[in-house]
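Notes follow once the structure below has been shown.
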Number of protein chains: 2
Amino acid sequence: MQILYPTIKDVAAKANVSTATVSHVINNKGRISPETIKKVLKTIKQLKYHPSRSARGLASHKTGNIGFIVTSDHFLKTEAFYTRIFLGVEFEAHRHDYYVLLTTTKSDFKKGDSLPRFVLEQSIDGIIVAGKIPKLLLETLCEQKIPLVILDYIPKYFECSSVLIDNVRGGILATNHLIEYGHKNIAFISGEISHSSISDRLRGYKQALNDSNIEIDEKLIETSDDYLSMQNGYKATERLFKKNKNVTAIFAGNDTIAIGAMQYLKDNNFNIPNDISLVGFDDAETNSLLTPPLTTIQVPKIDLGIEGLQLLVNIINSENKMIKKSIVPVELKLRESTKPRL
Amino acid sequence: MQILYPTIKDVAAKANVSTATVSHVINNKGRISPETIKKVLKTIKQLKYHPSRSARGLASHKTGNIGFIVTSDHFLKTEAFYTRIFLGVEFEAHRHDYYVLLTTTKSDFKKGDSLPRFVLEQSIDGIIVAGKIPKLLLETLCEQKIPLVILDYIPKYFECSSVLIDNVRGGILATNHLIEYGHKNIAFISGEISHSSISDRLRGYKQALNDSNIEIDEKLIETSDDYLSMQNGYKATERLFKKNKNVTAIFAGNDTIAIGAMQYLKDNNFNIPNDISLVGFDDAETNSLLTPPLTTIQVPKIDLGIEGLQLLVNIINSENKMIKKSIVPVELKLRESTKPRL
DNA sequence: CTGAAAGCGCTAACAT
DNA sequence: ATGTTAGCGCTTTCAG
């Protein structure tokens, strides 16, 4: 038993117009008189008509789908950073009448590994890549000539349309905040230093110090290319304190690293913020539950996703395949893990 | 400039057969001779042919899509519990040649709110619901007569196909472990007690105590219907210790609650596991990074998703619309937060 | 075991 | 401003 849903023919018949007219109304193409539009729209509502995706796709050579690619590592991150970005993309996709097909990819994509299924099967009109993905995969994707936008990552050797966080500015904001609080020995710790977002935060840190005529001390910079985990935050802090005893403030590459640092500090009887001020980056939603709540740089993750989808739709609909870029702003979220130095 | 991809016609022409035959081979229907099959398959590979989803959908009245519904609260949870379930679903969907459309819904779905878009537009062949979603939404979904499977939740007033965690057994395992370690005053704490998964864990707890002839002391049970957050774990533990001073072991409704409990215990100078043994539930991936690493009940989240998708495909392909249920097993994951009582 | 042909529901030229 | 109509690429009877 199959329920029969109304088709464009039913709408056309009921509204006394041709299917072409209904189609034109749906896609607001052609010049249709306001009365006809109203009439057709009313009939559509009455019949609860929804155009068939398959039929539209077949006739128009568009799928109405967007592919969303993220590494499973990133997607499973505890801070739900990319999950939020996805939510923003999904939200905006809704408004533009797209479905989003989410797929995760391994972070060690090798020659011969197959592309995401929706690419091979051409089931998408455009691709959003969230965060760093393997270079080879990205290159192969770009070769497909499918509209593509990268979020929160800049590939090193070629240009792509992208939406980025203003990481340098974030780094400056965080560091200036600590400088304004009277700190001089400000450390920077992080993992994944080869991720453009992280290295940009470090650049912001250095620039802020420079601007305030504070000498950059490499012994205060403790980075690695390890995964951004609490554990690695813990270890980085450990290494930092081995080299350096007189740190009074730490700027962590992201919140997870900061939480790791927090644990190290607690375990070693440093009081935050009395002994050490600590600033994170990302504004993970659980930060405010920490003791003390973490001062951090707030990143509008949902907005990042929204902007990314808009950019992609833009590219899909435009003739010229220009490379377009957007930067989303960040701001300092003042909480209790930082304190003026006495 | 549009790249032209091969169609079924191209395959048919190159293989010297009709398009019907190619179609039959693709869907392995009809009785085609092995040689023909081989020939067609070879041609498909040569041409890198992928059937068009739209065309298939239009002709067959199937979409090849599965809808995945989860509340945004659950999806954004820090433990990535439902993210992992989704990954399992996606993985298995791949094998069955389905795409998964993920949508989040608010946890306060009200009368008049619209159904997920893919339901209204009939862009899916079946639905997977992950975790508790609003009753009204679930009811409306069921009325649609679309194949549906619920993961990790039992609605109270009607029957649905579902895949559940063996929560009762998990509760028994956790509690027995503590009993075997010589604990008598074993507490149970949790939030979201109206979620069937949590209340079942409590049932397991009670049953294990019963089986060991330990009297159930309501003062040792501290539950609420608050969200499963670290903060609420902290508070629950606080309330527990106000009522009760001689607890030696705590079984927490899930790992997040357990981490909150851990913080309370640390803040109040209880040593884990020397003073208090602590068991969680879920096996969130970050547990092993805690100090001490958390003993917990391991839930195979990916498998849960895989099983759910299999069940759904089963229902989609079967004539009789029987209600089917699966239970995924759990096991005790022994780490360092529990210790025999001296 | 294989093929011919009639649609599936929509879009997009082209008419009018 | 609206209608006519030929496909889009596939599945699916029905014949042979």
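None of these values were measured; they are calculated from a predicted model. Side chains are part of it too, since the values below use all heavy atoms of this structure and drop only hydrogens, waters and symmetry mates. To find a chain, count down the sequence lines: A is the first, B the second, and so on, and within it residues start at 1.
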* To do: Would you mind reading off the distance between B:I32 atom CD1 and C:dG3 atom C1', rounded to a whole angstrom?
  => 10 Å
* Could you check whether B:T7 gets within reach of a base, just the sugar-phosphate, or nothing at all, counting any heavy atom under 4.0 Å? => sugar-phosphate
* To do: Step through the shown structure and confirm whether more than 12 heavy atoms of other residues, nucleotides or ligands are within 6.0 Å of CZ on A:F109.
  => yes
* **Short side-chain N/O contact from B:K29 to OP1 or OP2 of D:dT12, under 4.0 Å** => yes
* To do: For the pair B:D73 and B:K106, find out whether any cationic side-chain nitrogen is under 4.0 Å from an anionic carboxylate oxygen.
  => no
* **First encountered from the 5' end of DNA chain C, between A:A55 and B:P34** => B:P34
* Among C:dG3, C:dG9, D:dC10, which nucleotide sits nearest the side chain of B:A20? -> C:dG3
* To do: State whether a side-chain donor-acceptor pair under 3.5 Å links A:Y5 with A:D10.
  => no
* **D:dT2 phosphate, OP1 or OP2, under 4.0 Å from A:S33 side-chain N/O** => yes
* Would you say B:T36 reaches C:dT2's phosphate, i.e. side-chain N/O to OP1/OP2 under 4.0 Å? -> yes
* Structure fact -> From the list A:T103, A:L101, A:N65, side-chain contact (heavy atoms from CB on, under 4.5 Å) with B:Y99 holds only for A:L101
* Asked: Is any side-chain nitrogen or oxygen of B:S60 closer than 4.0 Å to OP1 or OP2 of D:dT11?
  -> no
* What are the two closest heavy atoms between B:E121 and A:D97, and how far apart are they? -> OE2-OD1, 3.7 Å
* **Nearest-angstrom distance from the residue atom CD of A:E35 to P of D:dA1** => 10 Å
* Separation of atom CZ in B:R56 from atom P in C:dC8, rounded to whole Å -> 20 Å
* For the pair made of CD in B:Q122 and C1' in C:dC8, what is the distance, rounded to whole Å? -> 14 Å
* To do: Write down the distance between NZ (B:K9) and P (D:dT11), rounded to a whole number of angstrom.
  => 14 Å
* Asked: So, is A:T21 near the phosphate of D:dG3, with a side-chain N or O under 4.0 Å from OP1 or OP2?
  -> yes
* Looking at every strand, decide which applies to A:V22 at a 4.0 Å heavy-atom threshold: base, sugar-phosphate, or nothing. => nothing
* What is the distance from CG of B:N27 to C1' of D:dT12, rounded to the nearest Å? -> 10 Å
* Would one find a side-chain N or O of A:S18 under 4.0 angstrom from OP1 or OP2 of D:dT2? -> no
* To do: Measure from the side-chain heavy atoms of B:I8 and tell me the nearest of C:dC8, C:dC10, D:dT11.
  => D:dT11
* Structure fact -> Rounded to whole Å, NE2 of B:H61 lies from C1' of D:dC10 at a distance of 12 Å
* Structure fact -> Whole-Å distance, B:N16 CG to C:dC1 C1', equals 16 Å
* To do: Starting from the C-alpha separation in whole Å, work towards a yes-or-no answer on ring-ring contact (aromatic ring centres under 6.0 Å, His included) for A:H74 and A:F81.
  => CA-CA 8 Å; A:H74 278 159; A:F81 188 87; 8.7 Å; no
* Asked: At under 4.0 Å between heavy atoms, what does B:D10 touch on the DNA or RNA strands: base, sugar-phosphate, or nothing?
  -> nothing
* Between B:A59 and B:R31, name the one whose nearest nucleotide on DNA chain D is closer to the 5' end. => B:A59
* Asked: Quick one: is D:dC10 close enough that its OP1 or OP2 comes under 4.0 Å of any side-chain N or O from B:Y49?
  -> yes
